[in-house]
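The structure appears below as C-alpha cells.
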Amino acid sequence: MDATEAVRLMCERLGEGVLDARAPRPRRAFVRVRRESFGEAIKHAVLELGFSHLMAITAADAGEELEALYHLVCMDATVLTISVRVPKGDAVLPDMSEVLQNAAIYEREAREMMGIGFDGLRDEAHLVLPRGWPSDVHPLRKDRTYDDLAKIKLELERV
Amino acid sequence: MGYASTVKMPFGPQHPALKEPEHFLFELDGDTVVGVTPRIGYVHRGIEKALELSTYGHGLYLAERICGICTVAHTCCYTQAIEELMGIEVPPRAKYIRTIMSELERLHSHSLWVGLVAHEAGFDTLFMYAWRDREAILSLFQEITGGRVLHAINTLGGVRRDISPELADKIRCTMEYFEGRVKDYRRIIRTEPTFLKRTRDVGVLKPSDAAKLDAVGPTLRGSGIKEDVRRDDPYIAYDEMPFNVISSDGCDVFARTEVRVEEMMESIGIIRYALDRMPAGVFRVRAPRNAPAGECVSRVEAPRGEDMHFARSDGTAKPERYKVRAPTLANIPALCRMLVGIHVADIPIILAGIDPCFSCMDRMVVVRGGRASGTLQSKRDV
C-alpha cells in the first residue's frame, strides 16, 4: 500500500479523530490522531491495513504535552507514523502488546526516558536506566539538563 | 528428570559469550532454560540527548560513534535524514561511494561475525582465518578514508573523499582475494561436521515468530523471510544495483551463518558493479546550516538488519528530537524466544547468532554504565 492510500484509508476510518495527515514522499506517511482515537487507529493500521511491523516508538517532549510516535511498516515498505499527544499531567496510553507483540520493549523505553505511562504494561522494571534511578526523572524531557542528570548519577554512585 | 523448583542464573553484564556488556537472567529447570529476562543499558552514552544539543554538523560526529562496526550505516541513515529535512539532493557519485562503503562495511562486519560464531562453536581455526581476512578490508578502509574503524566519509551533502581510478583498482584486487576466501568459508561451514553439529537445529526461530516479534536482518532472513531495506525501501544507489536478497529456511544458527556468507558474495558483486559504473562529477554539495521545520523517518539496512532514525527539526541549526533504533534492539524479543527451551551450553552461540551490538542498541542515557569508572560523561566526551 502506498503512502497516499494509507493516509486516505486512515482518514476515512477515523474521520474527526485525525488531526493531521500527510504523505510527504513515496513510502512515508504521517498521521496525528486524537487521544480518544489512538487505540482504534493502531488497531485499524495493524489488523486491517497490514502495517504489522512496529519499527520503534519515538517519545517526544512537546512542551505542555508528551508525544508518542509509532512507526509502523507494511509489506510494501511504506512507513506509517501514527502519533498522539497526551498532557504531561495525565500522560498515559494503552499498552498495545496485544496487537503488536514487540511493543513492550519500546513502551518500557518510552516510559523510562520520557515518562509516558502505558496502561496494561506488565513489566515496569528498569530496562535501560541504572538500578536505583529515581522514577520521576526522565532524561529525555527537555527540562532535564546534563548537569541535573550528572548530579543524580553521582548520588547513585555514592550509595 | 524434573526438578522440584527452578534456579535463576544471572548471565552478564560481563559474560562468557560476548565482548560487550549485557545482562540476561535465565530461569533454569535442570539445564534447560525456561525463562529469560534481558536487562540492557550498560553502555548507554546519552547520544539522543546529545544529538538534540548539537548542530547538524556536530551531530554527524555523534552518529559516526553510535557503533564502531556499523559506523557507515548510522552515518548514512543520519545524513539521509538530515538531507531530507534540509531538502538537498546528494550528487550521484556520492551515492555510489556511500553504496561501496556500506557494502565494504557489510563484508567486514559479516566476516567478523563468521569468526565470532566459529569461536563460539569451538572452531577457532576458522575464527583466526576470518579475522585475518577481515584485515584486507580494514586496510582498504584506511586507504580510502584514512581510518580503519571510524571513516568520517559521509557528510551532509555527499562524501568527504573521492575514490580515484587507482583506488578503484585496489578495491577490485581485494575483492578478487576476498571472493576466494568467502568461497572457502562457504565450503567449510557446509562440510565441517563440528560446525554443523554445533549450529544445526540450535536457536530455532520459526518464521511465524520471526515475523510476529519483528526480527530484522539476517536473523529474519535466516527464518526464510525475504525482507531487506536495500530492496524494499531503496536508498542511496541501491535502486540501480542488481543483487539478490538472500534467505534460508533453516531457522537456526546455521541458516543465519549461511545467509551472512551468501550476503558477502552479493556485496562483492555490488561493489564491482558500482565501481564499474561510477558516475563522474562532484561528490559533495554544500549543506545549509539550518533545516526548515519538518520530520522524517530514515531507514538503512545495516549489516545486522534494519536501522531506523527519526528526525524532527524546528527551523534552527539543531534537531528538535532525534531518535535512533539500532537493529539489535529490534532482535531482542526474538532472541528471548529463541533462548527458551534450549540447554545452557547453547546460550553463547545463540546469543552470538543474532550478531548483537550493544553499543548500537544502548545510546541514550547520560551516564556511563560501569560503576567502577565513577566518571560522568559530558556531551563533549560522548
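Sequence lines set the chain letters: A, B, ... in the order given, protein chains first and strands last, and positions in each chain run from 1. Owing to the predicted nature of the structure, the values given are computational and were not obtained by experimental measurement.
- A pairwise comparison of heavy atoms in B:Leu213 and A:Asn102 identifies O-CB, 3.8 Å as the closest pair.
- For A:Asp61, the part lying under 4.5 angstrom from a heavy atom of chain B is the backbone only.
- Using a 4.5 Å cut-off between heavy atoms, A:Thr58 contacts chain B through both its backbone and its side chain.
- When each of A:Glu112, A:His71, A:Arg144 is scored by its heavy-atom pairs under 4.5 Å with chain B, the top score falls to A:His71.
- Of the atoms belonging to A:Ile152, not a single heavy atom falls under 4.5 Å from chain B.
- A:Met114 approaches B:Arg321 most closely through the heavy-atom pair CE-NE, 4.2 Å.
- Crowding of A:Glu98 atom CD: a count of heavy atoms from other residues, nucleotides or ligands under 6.0 Å not exceeding 12.
- The side-chain heavy atoms of B:Arg299 and A:Val73, taken from C-beta on, include a pair separated by under 4.5 Å.
- At a 4.5 Å heavy-atom cutoff, the contact between B:Pro234 and chain A is made by backbone and side-chain atoms alike.
- Heavy-atom pairs under 4.5 Å with chain A were tallied for B:Glu320, B:His23, B:Glu227, B:Glu295; the largest tally goes to B:Glu295.
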- Query: Between B:Val297 and A:Met55, does a side-chain contact (heavy atoms from CB on, under 4.5 Å) hold up when you go through it step by step?
  - Reply: CA-CA 10 Å; B:Val297 174; A:Met55 272 203 297; 3.9 Å; yes
- Task: Applying side-chain contact (heavy atoms from CB on, under 4.5 Å), run through A:Gln101 and B:Arg337 and close with a yes or a no.
- Result: CA-CA 12 Å; A:Gln101 286 204 12; B:Arg337 178 68 54 92; 4.0 Å; yes
- Verify salt bridge (charged side-chain N to carboxylate O under 4.0 Å, His left out) between B:Arg325 and A:Glu109, making sure each step is shown before the conclusion. CA-CA 11 Å; B:Arg325 200 281 276 128; A:Glu109 191 186 10; over 6 Å; no
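- Salt bridge present: A:Glu67 and B:Arg312 bring a charged side-chain N and a carboxylate O closer than 4.0 Å.
- For the atom pair OH (A:Tyr106) and CG (B:Asp214), the distance works out to 7.0 Å, reported to the nearest 0.5 Å.
- In the displayed structure, B:Lys206 atom NZ is contacted under 6.0 Å by at most 12 heavy atoms of other residues, nucleotides or ligands.
- In this structure, A:Glu16 places its CD atom where only 12 or fewer heavy-atom neighbours from other residues, nucleotides or ligands lie under 6.0 Å away.
- Considering all non-hydrogen atoms of both residues, B:Gly46 and A:Tyr146 come closest at O-OH, 3.4 Å.
- Applying the 6.0 Å contact sphere to CZ of A:Arg122 captures no more than 12 heavy atoms from other residues, nucleotides or ligands.
- Annotation: side chain of B:Lys49 is not in contact with side chain of A:Lys142 (no heavy-atom distance under 4.5 Å).
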- Would you sort out whether A:His53 and B:Val216 count as a side-chain contact (heavy atoms from CB on, under 4.5 Å), showing the intermediate values? CA-CA 10 Å; A:His53 167 52; B:Val216 294; 4.3 Å; yes
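- Taking a 6.0 Å sphere around CE of A:Met75, one finds it holds 12 or fewer heavy atoms contributed by other residues, nucleotides or ligands.
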- Item | Full working for side-chain contact (heavy atoms from CB on, under 4.5 Å) between A:Met113 and B:Glu48 | CA-CA 11 Å; A:Met113 303 306 290; B:Glu48 283 184 19; over 6 Å; no
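- Considering every non-hydrogen atom in both A:Leu127 and B:Arg39, the closest pair reads O-NH1, 3.1 Å.
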